[in-house]
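Please read the structure below before turning to the comments.
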Amino acid sequence: MPYWLMKSEPEEFSILDLKELGAGRWDGVRNYQARNFLRQMIRGDLFFFYHSSCATPGIAGVGRIAGSAYPDPTALDPNSPYYDPKASEAKNRWSAVDVGFVEHFDAVITLPRLKQAPALAQMSLVQKGSRLSVMPVSESEWQAIQAMR
DNA sequence: GCCAACGTTGGC
DNA sequence: GCCAACGTTGGC
């Protein structure tokens, strides 16, 4: 079963929000590479929940993919910040997935720590200038990150 | 708030 | 198809 990492701004949607709700929809992804990864996800896949654009960027917990990707409804909603005027019911290029809560880490595994880990050097997350918000995590990377808790 | 790095748009 | 201009991401 593949592993993933997904970024969210905690002010927008945090691991605590997911914990309280128990489930949620991962939508608003507007980047083709990230979208293509969403489409590869399978129910049961686990992902690291990363907090970005905040005081302490880093991995805050774990979630689970609840089902495979489907057209992102926010692209069709004129009131959504993720509205895509080019999208229609018949032609919606964006995808969303449903997710569930698994775990909230006691402490965030901070970005500086992730950058220091030699086992994670290949990850897009730690590459300079990378903005990819959805990315695969290899088995060995997953284990290395779990060991940093 | 700043700004480097990146992806997308649109004129040509 | 090129590429300059623009808007966005995201760390700091």
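Residue numbering restarts at 1 for every chain, and letters A, B, ... go by the order of the sequence lines.
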Distance, rounded to the nearest Å, where [X] contributes [atom1] and [N] contributes [atom2]:
{"X": "A/E9", "N": "C/dG11", "atom1": "CD", "atom2": "C1'", "value": "12 Å"}
{"X": "A/N31", "N": "C/dT9", "atom1": "CG", "atom2": "P", "value": "10 Å"}
{"X": "A/Q33", "N": "B/dT8", "atom1": "CD", "atom2": "C1'", "value": "14 Å"}
{"X": "A/H51", "N": "C/dG11", "atom1": "NE2", "atom2": "P", "value": "12 Å"}
{"X": "A/Y83", "N": "C/dT8", "atom1": "OH", "atom2": "C1'", "value": "20 Å"}
{"X": "A/R30", "N": "C/dC6", "atom1": "CZ", "atom2": "P", "value": "24 Å"}
{"X": "A/R131", "N": "B/dA5", "atom1": "CZ", "atom2": "C1'", "value": "7 Å"}
{"X": "A/L132", "N": "C/dG10", "atom1": "CG", "atom2": "P", "value": "9 Å"}

Phosphate-side-chain proximity, [X] and [N], N/O vs OP1/OP2 below 4.0 Å:
{"X": "A/Y82", "N": "C/dT8", "result": "no"}
{"X": "A/K128", "N": "C/dT9", "result": "no"}
{"X": "A/K7", "N": "C/dG10", "result": "yes"}

- Linking I/L/V/M/F/W/Y whenever any side-chain heavy atoms sit under 4.5 Å apart, do A/V134 and A/V102 land together?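 Yes, one cluster joins them.
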
Contacts under 3.5 angstrom, residues 52-59 of chain A side chains, donor-acceptor by atom type, not counting sequence neighbours:
none

- Item | Candidate list A/F49, A/W142, A/F101, test side chain to side chain contact (heavy atoms under 4.5 Å, CB included), partner A/V62, passing option | A/W142

- Task: Pick base, sugar-phosphate or nothing for A/S52, based on heavy-atom distances below 4.0 Å to the nucleic acid.
- Result: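 Sugar-phosphate, no base atom in range.
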
- Task: Report yes or no: do A/R131 and A/S124 form a side-chain donor-acceptor pair below 3.5 Å?
- Result: no

- Item | Selected nucleotide, minimal atom distance to A/L111 side chain, candidates B/dT9, C/dG10, C/dG11 | C/dG11

